[in-house]
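One structure is given here, and the rest of the page talks about it.
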There are 2 protein chains.
Amino acid sequence: MLNSYSTADKVLLAVDCIIFGFDHEGLKILLIKRDFEPEKGKWSLIGGFLKRDEVLDHAAIRILNTYTGLNDIYMEQLYAYSEIDRDPVERTISVSYYALINIENHNAELIKNYHAQWFSITDAPNLIFDHDEMVQQAIRRLRYRTSIKPIGFELLPEKFTMRQLLELYEAILSKELDKRNFISKINSLEILNKLEEKDMQSSRKGSYLYTFNKEKYEEKLLNDFVLNL
Amino acid sequence: MLNSYSTADKVLLAVDCIIFGFDHEGLKILLIKRDFEPEKGKWSLIGGFLKRDEVLDHAAIRILNTYTGLNDIYMEQLYAYSEIDRDPVERTISVSYYALINIENHNAELIKNYHAQWFSITDAPNLIFDHDEMVQQAIRRLRYRTSIKPIGFELLPEKFTMRQLLELYEAILSKELDKRNFISKINSLEILNKLEEKDMQSSRKGSYLYTFNKEKYEEKLLNDFVLNL
DNA sequence: ATTTATTAATGTAGATTTTACACTTACATT
DNA sequence: AATGTAAGTGTAAAATCTACATTAATAAAT
């Protein structure tokens, strides 16, 4: 019985993570200032190498956890990047993953220790290697996902206003949405609970807070749907 | 200056290709009977290993060329599969690609030499490793692509009838389409040239032949669009 | 020459979905 | 009591999608 494909070349496999967060300023990504060569001091995605006995999904989760302290975050694989000299040190193929997290939820101390920082997607610095391309592709995927699955859940605080949800979608899609049309389309999904409670920060009148209805949300995930915003 | 990430593990990277073709019987995939261990004699996707100085796209094209003799075929990367024991011989991560080819165009002799064979997607045999999953995912991706880009080009002979195009879309989407609605939707894309010439195989009346209008097709590719069939 | 059989070609009305748009309400602040 | 601010709400017109049936062209058979 064969126990190796001995003639084939082996390569390093990296995993790079595009971590999206959202706050009142808009859609953000988590970047890290590299403290090792090459490109020490430049900004990069958080990443790491795949271990011998680890699946890619696990590596992505491990890396996210290392830098944010977060667990149980849904991550989605995006694409494998393989340009020969994408990493000048050594031939490395990188598989990118993206995650959506609640920006208030992570471990701020960890982030600080790693010299990590949140940047608006509109004014993030240039990144090392092909990381800018990864980010652009992640944004495209996020937009697509928005049109086929309810999103927000992961990116908003537990209780949120319609305006926050609207602004999240506007930030993701990078276009203005009509408030009334948006609200009626979201309501037609029937995945929100309207609370009695109001948020009084934003206006004198106050605006109702909502939570996601997890059961209905899961139910919706089962069937395909298209949300045209 | 660093010249290796010495502590990281290296792995084998394979590329597996889902090759779609289409003929009067429907949508097909090209499979190969393995002539080496493990799983010798079982059916599998065509595949191979990434070489040290090769990008993934190139490996996919090289593999396609090896088995079909075809060049200049557009291939799209799908997904990286990394289950620990997906290949029982040795830890191997596989990146899948899919291609659409004109089933009449490949090198039949090559195919025969490699014990390769076309199978309808509806009655293909079970495949080795996780290749069945790869095929299912490729079909989903193909369906999605259908909704955002004109397709057919690659899968039909140069001149084709509306019926052939309709049947292609029906095979891909695995559902019946209304002929009149289909024709008017396709026509509204304005990517076809209607020829004077008729195909007389299919009926006494004969049906007009069409070709793709490459310029308009390319133009359409630039802008996003959604085709709801 | 006429009939027959077969598939190609074609348009529309009704239903549904999407879009554009403006006024009133609630309430805290002054 | 007046003012200012964002929240909340409905509808009509436009666009798109769907369902559906008849006529046309021709080769083959008689």
Side-chain angles (χ1 to χ4, degrees), chain A residues 23-26 143 146-148 150 152 156-157 159-171 173-190 192-211 220 223-229, chain B residues 24-25 143 146-148 150 152 156-157 159-171 173-190 192-211 220 223-229:
Chain A
D23 66 14
H24 58 281
E25 291 176 314
R143 284 183 184 148
T146 295
S147 72
I148 55 160
L156 290 175
K159 298 174 184 181
F160 53 88
T161 65
M162 273 292 178
R163 169 165 296 268
Q164 284 177 288
L165 190 61
L166 172 68
E167 285 174 354
L168 169 60
Y169 273 88
E170 287 184 332
L173 299 174
S174 185
K175 68 174 180 189
E176 279 198 12
L177 298 174
D178 180 273
K179 181 174 50 150
R180 276 180 292 188
N181 294 338
F182 176 80
I183 292 173
S184 57
K185 284 172 184 179
I186 292 292
N187 279 334
S188 72
L189 295 179
E190 300 185 313
L192 298 185
N193 299 319
K194 187 174 189 170
L195 308 179
E196 306 274 302
E197 197 182 346
K198 283 187 164 189
D199 170 87
M200 301 308 292
Q201 306 300 111
S202 62
S203 76
R204 312 203 196 290
K205 183 178 178 180
S207 57
Y208 285 105
L209 288 165
Y210 293 79
T211 57
K220 286 282 168 185
N223 312 318
D224 289 351
F225 78 95
V226 178
L227 180 55
N228 283 320
L229 292 174
Chain B
H24 58 281
E25 291 176 316
R143 284 182 185 149
T146 296
S147 73
I148 56 161
L156 289 175
K159 298 175 184 181
F160 54 89
T161 64
M162 273 292 178
R163 170 166 296 269
Q164 284 176 289
L165 190 62
L166 172 68
E167 285 174 355
L168 169 61
Y169 273 87
E170 288 185 330
L173 300 174
S174 184
K175 69 174 179 188
E176 280 199 10
L177 299 173
D178 180 275
K179 181 172 51 148
R180 276 181 292 187
N181 293 339
F182 176 79
I183 291 173
S184 57
K185 284 172 184 178
I186 291 293
N187 280 334
S188 73
L189 295 179
E190 299 184 315
L192 298 185
N193 299 320
K194 186 174 188 170
L195 308 179
E196 306 273 302
E197 197 182 346
K198 283 187 164 190
D199 170 88
M200 300 309 290
Q201 306 301 109
S202 63
S203 76
R204 311 203 197 295
K205 183 179 177 181
S207 57
Y208 285 105
L209 287 165
Y210 292 80
T211 58
K220 285 283 166 184
N223 311 319
D224 289 351
F225 78 94
V226 178
L227 180 56
N228 281 321
L229 293 175

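A, B, ... follow the sequence lines: proteins, then strands. Residue 1 opens every chain.
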Does OP1 or OP2 of C/dA8 have a side-chain N or O of B/Ser202 closer than 4.0 Å?
yes
State the CD-CG distance between B/Glu170 and B/Leu165, to the nearest 0.5 angstrom.
10.5 Å
Nearest-Å distance for atom pair NZ/C1', residues B/Lys198 and D/dT26
8 Å
Between A/Arg163 and D/dA7, is there a side-chain N or O to OP1/OP2 distance below 4.0 Å?
yes
Here the distance between atom C1' of D/dG10 and atom CZ of A/Phe182, to the nearest Å, is 18 Å
note: A/Asp199, atom CG; C/dC27, atom C1'; distance rounded to Å ~ 14 Å
Within this structure, what is the CG-CG distance for the pair B/Asp178 and B/Leu166, rounded to the nearest 0.5 Å?
9.0 Å
Nearest-neighbour nucleotide for the A/Asn181 side chain, D/dT18, C/dC21, C/dA26 considered
C/dC21
Rounded off to whole Å, could you give me the CG-to-P distance for the A/Leu177 and C/dA20 pair?
11 Å
Please check: side-chain N/O of A/Glu167 versus main-chain N/O of A/His24, any donor-acceptor pairing under 3.5 Å?
no
Rounded to the nearest 0.5 Å, how far does CD of B/Glu197 lie from OG1 of B/Thr211?
10.0 Å
With nearest nucleotides of DNA chain D determined for B/Leu229 and A/Thr161 from heavy-atom distances, which residue corresponds to the more 5′ nucleotide?
A/Thr161
Closest approach to the side chain of A/Arg180, judged atom by atom: which nucleotide of D/dC20, C/dC27, D/dG10 is it?
D/dG10
Both B/Tyr208 and A/Asp178 contact DNA chain C. Which one's nearest nucleotide lies toward the 5' end?
B/Tyr208
Integer-rounded Å distance: D/dC20 P and B/Ile183 CD1:
18 Å
Side chain of B/Ser203 - closest among D/dG4, C/dA8, C/dT10:
C/dA8
Which heavy-atom pair separates B/Phe160 from B/Leu192 by the least distance, and what is that distance?
CZ-CD2, 3.8 Å
Looking for any heavy atom pair under 4.0 Å, which part of the strands does B/Lys179 touch: base, sugar-phosphate only, or nothing?
base
Could you check how far CG of A/Leu195 sits from C1' of D/dG8, rounded to whole Å?
17 Å
D/dT9, C/dA8, D/dG8: which one has an atom nearest the side-chain heavy atoms of A/Ser207?
D/dG8
Using a heavy-atom cut-off of 4.0 Å across all strands, would you classify B/Asn228 as base, sugar-phosphate, or nothing?
sugar-phosphate
What is the distance from NZ of A/Lys185 to P of C/dT16, rounded to the nearest Å?
18 Å
Value in whole Å for how far the P atom of D/dG8 lies from CG of A/Leu192
13 Å
Does A/Lys205 contact C/dA26 through a side-chain donor or acceptor facing the base, at a distance under 3.5 Å?
no
